[in-house]
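Structure first, then comments.
Counting from 1, the numbers follow the sequence of the chain as shown. In listed order, ligands and their atoms are each counted from 1. Everything quoted here is computed from the prediction, not taken from an experiment.
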Amino acid sequence: MSTYDVAVIGSGPGGYVAAIRCAQLGMKTAIIEKYDTLGGTCLNVGCIPSKALLDSSHHYYDAVKHFEEHGIEIPGDVKVNLEKMIARKQSVVDTNTAGIKYLMDKNKIDVFHGLGSFKDATHITIAKADGKSETIEAKNSIIATGSKPSTLPFIEIDKKRIITSTEALSLTEIPKHLVIIGGGVIGLELGQVYRRLGAEVSVIEYMDRIIPTMDASLSKELQKVLKKQGMKFYTSHKVTAVKTTAKKVIITADDKKGNPVEFEGDYCLVSVGRRPYTDGLGLENAGVKLSETGQVEVNDHLQTNVANIYAIGDVVRGAMLAHKAEEEGVFVAETLAGQKPHIDYNLIPGVVYTWPEVAAVGKTEEELKDAGVSYKSGQFAMRALGRSRASGDIDGFVKILADASTDEVLGVHMCGARVADLIAEAVTAMEFRASAEDIARMSHAHPTYAEAVKEAALAATDNRPLHS
Ligand code: FAD
Ligand code: NAD
């Protein structure tokens with residue numbers, strides 16, 4: 001029987017990063033993945049394929065809507081070849097997942113394909129696709145088994161008409177009317193993909209605003225822009241039933257006043273969140289406890305109730321984000337090596353990759369108000385930037401919230417072109433506990449979208465933006 005210092009179960013961004021860091025720190029490491037390809041949800045059916053389709057559909061939308069104003073004329077109609085678009089997405093996925101295999105080999109990590117299941121706290125049995133199984137011994141284990149789409153109790157996902165993000169990434173036709181339940185990240189990103197490709201898109205959201213966990217100003221701005229692009233929104237609507245026929249889906253919801261409303265579409269995307277995934281993991285054999293919500297319970301060191309078993313990523317509490325899972329993978333590896341790592345969960349940024357993009361880090365205005373913190377706010381509109389006018393990306397703003405007395409930056413909220421990348425500046429500043437004035441006094445290259453960060457910081461410092 002092979003023996004390892006660490007066995008990682010699950011090869012998503014949490015698991016594969018944990019394995020690499022363990023190997024870097026000199027531990028003999030194994031990784032177990034039930035599917036044929038490595039990379040987990042993120043690389044196979046999450047972050048990467050959704051961004052590939054967002055980028056492809058963005059090119060198409062620009063060609064149809066914006067090329068002409070730039071003086072580019074295309075003789076004849078611009079057409080979508082969905083099959084080719086989906087095939088390209090798959091080749092992007094394949095390149096990325098092959099890259100993880102390369103990294104495993106480079107770091108001398110043993111890869112096992114098959115369902116990993118605890119036999120006891122130090123032994124894991126791997127059930128392979130060919131019916132054979134193998135057991136390995138592991139002094140320590142890291143559970144990184146991720147999550148699966150969740151649904152509502154009365155909805156049966158048939159994967160044909162009533163679909164999750166996984167099916168929405170590989171459709172064979174552009175929906176005529178895509179009805180989306182849930183105006184969160186998945187609903188908006190994939191909704192925008194199919195809207196750009198020509199589908200009618202209706203988003204039904206239970207809360208009174210889309211992306212309800214983000215700063216309310218971002219919900220308002222993004223909804224305004226997406227509405228202009230033709231997406232329809234039904235907030236404060238409670239879905240009560242979803243029925244399907246061969247070619248149609250009928251969704252019934254109660255509106256704000258409790259009156260029933262019916263939506264008829266050819267596809268219904270259910271994007272109401274994801275649930276931690278521990279099926280078949282044999283946690284009971286190792287004595288690992290789950291919380292009431294099905295998450296693997298961990299302490300501040302990401303250690304379960306069984307001392308040599310740790311858990312990271314979507315399967316534990318906190319934001320279900322790839323970069324959060326990665327940080328936790330590094331954290332556990334360094335803990336196992338006797339180091340004292342640290343994660344500031346307040347500084348894990350959140351991004352929505354629509355266009356305009358949305359990105360945020362730190363506290364929202366709503367959170368600061370609830371906590372009774374006195375703060376000041378500085379905001380700068382993207383449309384006032386030379387760079388935005390040059391590219392035509394004039395929607396959105398950057399908002400900086402700073403402590404009223406110390407000027408320390410407490411939250412940064414952005415909507416606009418490339419803000420998914422701009423948010424890194426805010427994270428860096430906040431990691432170093434910068435004041436708004438610190439950012440305001442830094443040189444930002446001209447002309448860039450990043451100038452909006454400087455201007456918002458000037459506005460937050462003492463209301464002296466230079467360009468508005
Ligand atoms: P996962 O990536 O879910 O990986 C878990 C792996 O464990 C899987 O490969 C699974 O097969 C394997 N596994 C499970 N049980 C076993 C077992 N018993 N034995 C062996 N293997 C097992 N996050 C972002 O930060 N940015 C984005 O842009 C983004 N876009 C997304 C888009 C979509 C459509 C979706 C669905 C998600 C997106 N996410 C995004 C979320 C991101 O994918 C997850 O937060 C991330 O993948 C979590 O990583 P993980 O390592 O915890 O788990
Ligand atoms: P989400 O939590 O982002 O959004 C779910 C939405 O559904 C919420 O707005 C919620 O209020 C709404 N909702 C819940 N029950 C409802 C009901 N009965 N009727 C109508 N609306 C209802 O979840 P998601 O969009 O499914 O994404 C799942 C996870 O994947 C998220 O945690 C997210 O972090 C991750 N993800 C991240 C990215 C990214 O980082 N860009 C992209 C996609 C997914």
Which atom pairs, donor and acceptor, lie under 3.5 Å between side-chain atoms of residues 97-107 and protein residues at least two apart or in another chain?
{"from": "T97", "atom 1": "OG1", "to": "V93", "atom 2": "O", "distance (Å)": "3.2"}
{"from": "T97", "atom 1": "OG1", "to": "D94", "atom 2": "O", "distance (Å)": "3.2"}
{"from": "K101", "atom 1": "NZ", "to": "D105", "atom 2": "OD1", "distance (Å)": "2.8"}
{"from": "K101", "atom 1": "NZ", "to": "D105", "atom 2": "OD2", "distance (Å)": "3.0"}
{"from": "N107", "atom 1": "ND2", "to": "L103", "atom 2": "O", "distance (Å)": "2.8"}

| Which one of V412, L368, T364 satisfies the side chain to side chain contact (heavy atoms under 4.5 Å, CB included) criterion with D215? | T364
Which donor-acceptor pairs under 3.5 Å do side chains of residues 7-18 form with protein atoms, sequence neighbours excluded?
{"from": "S11", "atom 1": "OG", "to": "E33", "atom 2": "OE1", "distance (Å)": "2.8"}
{"from": "S11", "atom 1": "OG", "to": "G39", "atom 2": "N", "distance (Å)": "3.1"}

| message | What does the 4.0 Å heavy-atom contact list look like for ligand 2? | response | L152, I181, G182, G183, G184, V185, I186, E189, I204, E205, Y206, M207, P212, S271, V272, G273, R274, M320, L321, V351, Y353
| message | If I compare all heavy atoms of F397 with all of M382, which pair ends up nearest, and what's the gap? | response | N-CG, 3.8 Å
| said: Set out, in order, the CA-CA distance, both residues' side-chain angles and the distance that settles salt bridge (Lys or Arg N to Asp or Glu O under 4.0 Å) for E334 and R21, then state yes or no. | reply: CA-CA 8 Å; E334 293 181 351; R21 190 73 187 114; 2.8 Å; yes
| request: Give a yes/no verdict on a cation-pi contact between R161 and Y267, requiring under 6.0 Å between NZ or CZ and the six-membered ring centre and an angle within 45° of the axis. | output: yes
| Using the ring of each side chain (for Trp, its six-membered ring), is H58 parallel, tilted or perpendicular to W355, with breaks at 30° and 60°? | tilted
| message | As a test of reading the model: which residues have a non-hydrogen atom less than 4.0 Å away from ligand 1? | response | I9, G10, S11, G12, P13, G14, G15, I32, E33, K34, Y35, G40, T41, C42, V45, G46, C47, S50, K51, G114, L115, G116, A144, T145, G146, S147, S165, I186, R274, Y277, L281, G313, D314, M320, L321, A322, H323, A325, Y353
| message | Aromatic contact between Y234 and F263, with the criterion being ring centroids under 6.0 Å apart: yes or no? | response | yes
| query | Does NZ or CZ of K148 fall inside the cone over Y277's six-membered ring, less than 6.0 Å from its centre and within 45° of the axis? | reply | yes
